[in-house]
Number of protein chains: 2
Amino acid sequence: MGRPRTPLLDRERITTTALELVDEKGEFSVPQIARRLGVQTGSLYHHVDGRDGIVELLRERVSAGIDIATLDLRPWDEALRAWARSYRAAFAAHPRTIPLLMTNPVRAPRVLDQYERAVSLLLDAGFPPPDVMPVIVALENVVLGSALDLAAPEAMWELADDTATPRLAEALDAAGERRADRAFELALECFLSHARRRLAEHRSAG
Amino acid sequence: MGRPRTPLLDRERITTTALELVDEKGEFSVPQIARRLGVQTGSLYHHVDGRDGIVELLRERVSAGIDIATLDLRPWDEALRAWARSYRAAFAAHPRTIPLLMTNPVRAPRVLDQYERAVSLLLDAGFPPPDVMPVIVALENVVLGSALDLAAPEAMWELADDTATPRLAEALDAAGERRADRAFELALECFLSHARRRLAEHRSAG
């Protein structure tokens, strides 16, 4: 018998299986991954640092879809806009990872490096250090809330009877298509224009 | 034998059990609810309109935590600010319902009525009808992204080594406490100040 072409277990396959489970069920467990891979649960622990380690592999996998070259763009607000759009698209492909990844601490080195670049962008632009993390987290709230919204049905409000909620019916008629994208772009524009003003105030005060 | 004090099955108990399952596992199924209640799956269908009906009962239950009297405040931006804070608190108590509720169409009459009030607030304030739903959805993205963030650990970034990401370490030190609340208030303020400017532009153009 020859050596199998792909090893039965490796971190890539464990990550892929965990991602499939989260995409399907919103959750994963180490025994479920072992079952899908046809191996003993214990043997998984030779490859990954427990459940938390798998969460970090998922974080690296999904975050790999973000174009970090966007953070090299200038001026800073163009960089943030492009980063936010790419970040949203990466997570919209796997919306059920969002609650899992948002509620576990970030340890993955490649993801920490992405934060390092985002922080550097804002510090170099002149944001005061205490504002930098709130600005990044606020932008992430917009991005991830909106990535979840992309997974929603286009017809999100099902009115049994227009007469019960006539103004909602009117607003829905007037809103047209691509609700999720338009709301995201609006929220992003709100965010960037406010951040620009705060930065200008800080500069003129400094 | 006397009549049991609480009926074995009713919509309230089904909703409570579904919410417990989602809080624990991020998901529910009709057979899981039946198992917890010690009844046959089929008998649940006498009380609720299938899985989708239970999702709507969950939506009503979680949304009941939102103080809708906030939508009667004036001016409109004070109303939206108070509504957003209350909306975030209600969903932060059950963060794992967020992906479920965001990806199923809204049918619950009491929740549709809440949208009717929010739409009325913005139309009465003078927002052009095509802007109303994008404004509401953008605000919801901020609210729900931020409600998920409230479920995150306070120490969200675990730096193995400050020297690998020195500027992230600096920004985290400078940020201080209550990251999630400060980011939410920042995002909310961004949103409201931009919306005020758009409304003023629309009024001066009209």
Side-chain angles (χ1 to χ4, degrees), chain A residues 25-27 95-96 98-99 102-107 109 112-113 115-116 119-120 123 129-130 132-135 137-138 140-146 148-149 151-153 155-160 164-165 167-168 170-172 174-176 179-180 182-184 186-187 189-191 193-195, chain B residues 25-27 95-96 98-99 102-107 109 112-113 115-116 119-120 123 129-130 132-135 137-138 140-146 148-149 151-153 155-160 164-165 167-168 170-172 174-176 179-180 182-184 186-187 189-191 193-195:
Chain A
K25 299 172 193 288
E27 256 305 340
R96 302 187 79 175
I98 294 173
M102 281 186 85
T103 52
N104 280 277
V106 183
R107 297 192 191 94
L112 289 171
D113 181 62
Y115 282 102
E116 176 77 1
V119 166
S120 299
L123 287 173
V132 168
M133 290 312 295
V135 165
V137 173
E140 285 185 301
N141 290 349
V142 170
V143 162
L144 296 172
S146 173
L148 275 175
D149 191 33
M156 186 62 186
W157 293 270
E158 293 194 357
L159 280 50
T165 50
R167 305 192 85 183
L168 176 57
E170 176 193 350
L172 287 170
R179 166 182 61 77
R182 289 175 54 216
F184 171 66
L186 172 63
E189 213 36 69
C190 290
F191 182 83
S193 70
H194 189 77
Chain B
K25 299 171 191 287
E27 256 303 343
R96 302 186 79 175
I98 294 173
M102 282 187 84
T103 52
N104 280 277
V106 183
R107 297 191 191 95
L112 289 171
D113 181 61
Y115 281 102
E116 176 77 2
V119 165
S120 298
L123 287 173
V132 168
M133 290 313 295
V135 165
V137 173
E140 286 186 301
N141 290 349
V142 171
V143 162
L144 295 173
S146 175
L148 275 175
D149 190 32
M156 186 64 187
W157 292 270
E158 293 194 357
L159 279 51
T165 51
R167 304 192 85 183
L168 176 57
E170 176 193 351
L172 286 171
R179 165 183 61 74
R182 290 175 54 215
F184 170 65
L186 172 64
E189 213 37 66
C190 290
F191 181 82
S193 70
H194 190 75

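Chain letters run A, B, ... following the sequence lines, proteins first and then strands; every chain starts at 1.
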Exercise. Applying side chain to side chain contact (heavy atoms under 4.5 Å, CB included), run through A/Leu123 and B/Glu170 and close with a yes or a no.
Key: CA-CA 10 Å; A/Leu123 287 173; B/Glu170 176 193 351; 3.8 Å; yes
Self-check item: Part of A/Val143 lying under 4.5 Å from any heavy atom of chain B
Solution: neither
Practice problem: Decide yes or no on side chain to side chain contact (heavy atoms under 4.5 Å, CB included) for A/Val119 and B/Thr165, but give the supporting numbers first. | Solution: CA-CA 10 Å; A/Val119 166; B/Thr165 51; over 6 Å; no
Quiz item: Got a second to check how far B/Ile98's CD1 is from A/Leu148's CG, nearest 0.5 Å?
Solution: 8.0 Å
Quiz prompt | Selection from A/Gly26, A/Ala151, A/Gly176, A/Pro130 maximising heavy-atom pairs under 4.5 Å formed with chain B | solution = A/Pro130
Quiz item: Of the backbone (N, CA, C, O) and the side chain (C-beta and beyond), which part of A/Pro95 lies under 4.5 Å from a heavy atom of chain B, both, or neither?
Solution: neither
Quiz item: Which atom names give the shortest non-hydrogen contact between B/His194 and A/Ser193, and what distance separates them?
Solution: ND1-OG, 3.0 Å
Quiz item: If you take all heavy atoms of A/Ala155 and B/Pro105, which pair is closest and at what distance?
Solution: O-CB, 3.8 Å
Quiz prompt | B/Asn141 and A/Val142: CA distance, side-chain angles, deciding distance, side chain to side chain contact (heavy atoms under 4.5 Å, CB included) verdict | solution = CA-CA 6 Å; B/Asn141 290 349; A/Val142 170; 5.6 Å; no
Practice problem: Select, from A/Ala180, A/Pro153, A/Ala160, the one with the greatest count of heavy-atom pairs under 4.5 Å involving chain B. | Solution: A/Pro153
Quiz item: Looking at B/Glu27, B/Arg179, B/Met102, which has the largest count of heavy-atom pairs under 4.5 Å with chain A?
Solution: B/Met102
Self-check item: Separation between CG of A/Leu168 and CG of B/Leu112, rounded to the nearest 0.5 Å
Solution: 6.5 Å
Self-check item: Full working for side chain to side chain contact (heavy atoms under 4.5 Å, CB included) between B/Val137 and A/Arg182
Solution: CA-CA 9 Å; B/Val137 173; A/Arg182 289 175 54 216; over 6 Å; no
Exercise. Over all heavy atoms of both residues, which pair between A/Glu116 and B/Arg167 is shortest? Give the atoms and the distance, please.
Key: OE2-N, 3.0 Å
Quiz prompt | Leading residue by heavy atom contact count with chain A [cutoff under 4.5 Å; candidates B/Ala174, B/Ala171, B/Cys190] | solution = B/Cys190
Practice problem: Check B/Leu186 against A/Ala138 and note the closest heavy-atom contact, atom names and distance. | Solution: CD2-CB, 4.1 Å
Quiz item: Do you know which of B/Lys25, B/Glu189, B/Arg107 has the most heavy-atom pairs with chain A at a distance under 4.5 angstrom?
Solution: B/Arg107
Quiz prompt | Flag side-chain contact, heavy atom, 4.5 Å: B/Met133 against A/Met156 | solution = no
